[in-house]
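When reading the values below, keep in mind they use all heavy atoms of this one structure, side chains included, and skip hydrogens, waters and symmetry mates. Below, chains carry the letters A, B, ... as their sequence lines are ordered, and counting in each starts from 1.
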Amino acid sequence: MAVAALLAVPVLAQQDSGEAEVHVLPVQGNVYMLVGPRGNSAVQVGYDGVLLVDTQLAELAPQIAGRIRELAENPVRFIIVNTHVHADHAGGNQALANMGHEETGVRTEVIAHENVLIRMTAAPDENVAETQLSPEGWPTAAYFMPHRDIHFNGEPIEILHQPSAHTDGDSLVFFRRSDVVSTGDIFTPDRYPVIDMARGGTVQGVIDALNRIIRIAVPEDKQEGGTKVIPGHGRLCEEADVVEYRDMVTIIRDRVQALIDEGMSLEEVQAARPSLDYDTEYGSDSGSWTTEMFVESVYRSLGE
Amino acid sequence: MRGLNFVHVAVGMTASLLLPCMPAVAQIDLTGNWVALYHEDAPERLPGPALGDYLELPINEAARLRADSYDPNRISAVVEYQCRPHGGDYSMRGLSVPMRVWEEIDPATQSLVAIHTRMAWMEMERTIWLDGRAHPPEYARHTWQGFSTGVWEGNALVTTTTHFKPSYLRRNGMPRSAEATLTEYWIRHGDYLTVVTSIDDPAFLTEPLVRSSNWVLEPNARIVPNSCTPAHEVPVPEGTVPHYMPGGNPFSREFSEFFGIPFEATRGGAQTLYPEYRMTMGEIPAPPQCTRYCNCTGLGNCGG
């Protein structure tokens with residue numbers, strides 16, 4: 001029952017898109033944050049065109065397209081990068097890829113790690129919530145090495161695969177000149193990290209990914225300013241915010257591991273409330289990702 | 001009305017009619033260099049609070065566990081902690097003197113746009129906007145000093161600050177969340193300034209934490225640059241986060257035992273703030289001899 005709940009996460013993430021408002025927040029350099037009701041995107045604009053990191057829910061595509069048109073008139077090329085497979089980040093692929101094609105006359109390139117493509121194209125599995133998209137929304141440029149670099153709108157962009165974190169196909173997108181990192185759901189400062197074990201996610205992978213973001217980010221002065229971090233959900237952040245979050249996940253991992261070492265069952269670990277001091281900031285008793293589900297995912301990924 | 005003639009009344013009425021049409025001006029002059037007085041809670045504010053000292057804090061169990069888990073070695077092991085300034089709430093409380101206050105005047109209208117403050121330690125600067133602007137949306141960047149607006153209420157400047165980065169209520173690991181709101185009352189009495197602060201934190205406080213701090217005008221006070229460059233001090237594996245397991249902090253009772261205060265009282269909580277709580281404590285024998293912070297009231301006499 002509990003495992004089934006963990007597997008249902010992406011489906012629930014597609015529901016309740018609420019008020020279909022998408023806000024634009026200038027970040028720095030050429031990069032903007034598009035804040036939707038169920039997640040964030042990053043968009044970089046310039047003379048080469050538009051690069052969009054994550055397309056959000058399918059039903060938000062018209063609003064996303066409208067915000068992009070406000071930022072970029074007559075784009076030459078359109079590129080989409082998916083940080084991972086879930087529908088609240090890749091659901092708009094088809095509509096926005098089509099929009100890019102229509103407005104530029106050039107086929108939209110959709111970049112993602114190959115595990116995203118594999119998940120999208122896999123035969124439906126009744127035990128795993130669906131993340132399949134129609135072929136028009138599939139990545140057209142899946143990468144399989146640890147990273148892919150492109151140069152677009154006058155700046156180098158690093159697309160960095162982070163294995164076995166939120167899923168097995170996570171990418172960080174680092175805009176080197178603008179000094180902005182888009183993290184997808186590896187970093188979500190308004191909630192506990194979703195560890196999608198059915199798609200290869202692990203708590204250690206999340207911690208490794210957060211440490212990588214900290215390594216990339218450089219504050220300007222007094223641990224503030226400098227590199228900006230666009231999370232998959234939640235407010236615009238910087239390195240110090242990621243450090244707080246990394247500390248939280250690390251400490252809860254250590255506590256759960258200690259309880260496992262004492263021979264405790266999952267129910268006993270949950271009853272011990274190893275995340276008690278973080279629940280008021282990150283936890284939830286309802287919704288698509290509860291505190292109980294988070295602790296269970298930590299327990300199970302440490303036990304495997 | 002005795003002593004008031006027609007002219008006085010007429011002038012008063014005219015002034016009342018004109019005031020709403022005039023640009024907002026400061027009701028009192030807060031500008032100048034101020035030095036904090038540490039006659040209240042000096043040991044906590046100057047040399048620093050002991051681990052396990054949660055006295056007078058209306059905290060919940062999440063805050064208590066978070067502070068119990070705090071290992072001060074984190075400051076050495078996690079390089080990103082080294083150059084953090086205080087949060088905008090604690091900067092009014094901790095060792096951060098002197099403080100410079102200056103006004104920003106609109107040259108065209110001569111109205112007061114903002115009041116700025118700068119403290120010496122970690123070069124902490126705040127802007128308190130007085131031009132009626134709104135606070136940013138929640139998804140905007142949070143900072144150490146937060147985003148402040150102010151209004152005049154009689155002769156007091158009342159400020160509201162949001163958008164903090166996560167920080168501390170007390171610098172012994174007692175957390176304050178990014179959701180906190182700080183309300184301040186700046187009241188000047190001649191050469192003395194009283195700032196009453198009230199912190200609402202839904203994550204860690206069960207009722208507002210109210211504190212007052214006093215400052216004295218010191219025109220000759222100098223604020224010098226205070227740069228800080230983080231550097232690794234101890235060789236530790238990447239991602240190391242020192243912390244104590246729940247129930248495993250060897251220092252949690254040290255403060256209670258040294259000062260002869262019942263352990264339960266040192267654990268904080270709203271009930272411990274009020275005089276009635278004293279009635280529940282029974283007879284408390286005084287420690288035989290004061291050996292630490294016996295005359296601690298200022299920068300020069302808190303060494304013991």
Side-chain angles (χ1 to χ4, degrees), chain A residues 23 25-28 33-36 40 189-190 204 207-208 210-212 214-215 217-219 221-225 228-231 233-255 257-259 272-283, chain B residues 59-71 74 78-86 121-125 136-145 163 165-167 173 175-179 201-205 226-230 237-248:
Chain A
H23 303 279
L25 181 68
V27 179
Q28 63 188 12
M33 178 165 137
L34 301 184
V35 184
N40 300 323
D190 63 346
Q204 188 56 50
I207 292 170
D208 292 343
L210 292 168
N211 282 321
R212 189 174 196 180
I214 292 167
R215 205 183 311 142
V218 181
D221 188 32
K222 309 295 193 297
Q223 295 301 318
E224 194 166 61
K228 299 293 178 292
V229 180
I230 298 177
H233 303 262
R235 68 181 186 274
L236 179 63
C237 288
E238 299 169 343
E239 184 193 57
D241 304 288
V242 184
V243 170
E244 288 284 333
Y245 197 79
R246 183 279 311 271
D247 291 359
M248 174 271 289
V249 183
T250 301
I251 288 169
I252 293 174
R253 176 206 61 187
D254 290 351
R255 290 175 182 170
Q257 184 64 65
L259 296 172
R273 301 185 67 188
S275 63
L276 184 151
D277 48 340
Y278 293 98
D279 290 348
T280 53
E281 288 181 283
Y282 305 104
Chain B
I59 52 174
N60 60 17
E61 62 175 345
R64 198 173 289 116
L65 175 58
R66 183 80 69 85
D68 283 346
S69 303
Y70 176 69
D71 181 346
R74 202 177 298 174
V78 182
V79 68
E80 292 84 11
Y81 276 79
Q82 285 177 10
C83 292
R84 288 187 178 190
H86 297 319
W121 188 73
M122 289 289 171
E123 303 179 332
M124 297 180 290
E125 284 201 6
E138 168 53 29
Y139 51 79
R141 183 172 79 106
H142 287 211
T143 62
W144 298 118
Q145 302 308 313
H163 290 74
K165 284 190 188 298
S167 187
R176 192 265 292 132
S177 80
E179 284 78 46
D201 187 346
F204 295 120
L205 295 176
N226 184 206
S227 62
C228 183
T229 305
E238 182 186 47
T240 297
V241 183
H243 64 97
Y244 293 114
M245 290 294 174

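- Only the backbone of B:Asn226 comes within less than 4.5 Å of a heavy atom of chain A; no side-chain atom from C-beta onward does.
- Within the 4.5 angstrom heavy-atom criterion, atoms from both the backbone and the side chain of A:Ala240 approach chain B.
- Within the 4.5 Å cutoff, no side-chain heavy atoms of B:Trp144 are placed close to those of B:Met124.
- Proximity to chain B (any heavy atom under 4.5 Å) is shown, for A:Ile251, by both the backbone and the side chain.
- A:His23 has its side chain out of reach of B:Pro137: every pair of non-hydrogen atoms, C-beta onward, lies at least 4.5 Å apart.
- Per-residue counts of heavy-atom pairs under 4.5 Å with chain B were compared for A:Asp221, A:Thr280, A:Val35, A:Asp277; the largest is that of A:Asp277.
- Residue B:Asp68 does not touch chain A at all, counting heavy-atom pairs closer than 4.5 Å.
- Proximity to chain A involves both the backbone and the side chain of B:Met122, based on heavy atoms less than 4.5 angstrom apart.
- Residue B:Gln82: no heavy atom, backbone or side chain, is found under 4.5 Å from chain A.
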Quick one: do B:Lys165 and A:Glu238 satisfy side chain to side chain contact (heavy atoms under 4.5 Å, CB included)? Show the steps, please.
CA-CA 10 Å; B:Lys165 284 190 188 298; A:Glu238 299 169 343; 2.9 Å; yes
Evaluate A:Asp190 against A:Arg235 for salt bridge (charged side-chain N to carboxylate O under 4.0 Å, His left out), listing each step before the verdict.
CA-CA 8 Å; A:Asp190 63 346; A:Arg235 68 181 186 274; over 6 Å; no
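- Heavy atoms of A:Asp254 lying under 4.5 Å from chain B belong to its backbone as well as its side chain.
- In this structure, chain A has no heavy atom under 4.5 Å from any part of B:Arg64.
- Counting heavy-atom pairs closer than 4.5 Å to chain B, the top residue among A:Asp247, A:Asp208, A:Val27 is A:Asp247.
- Checked against side chain to side chain donor-acceptor pair (under 3.5 Å), A:Glu224 has no partners two or more places apart in sequence or in another chain.
- Atom CG of A:Leu276 is separated from atom CZ of A:Arg255 by 8.0 Å, given to the nearest 0.5 angstrom.
- Residues A:Tyr245 and A:Val229 form no side-chain contact, since every pair of their non-hydrogen atoms from C-beta on lies 4.5 Å or further apart.
- When the side chain to side chain contact (heavy atoms under 4.5 Å, CB included) test is applied to A:Asn211, the partners found at least two apart in sequence or on another chain are A:Ile207, A:Ile214, A:Arg246, B:Glu238.
- Ranked by heavy-atom pairs shorter than 4.5 Å toward chain B, the options A:Lys228, A:Arg273, A:Arg215 are led by A:Arg215.
- Heavy atoms closer than 4.5 Å to chain A are found in the side chain of B:His243, but not in its backbone.
- Side-chain atoms of B:Glu179 do not come within 3.5 Å of backbone N or O of B:His163 as any donor-acceptor pair.
- Looking only at heavy-atom pairs under 4.5 Å with chain B, the residue among A:Leu210, A:Thr250, A:Val243, A:Asn40 that has the most is A:Val243.
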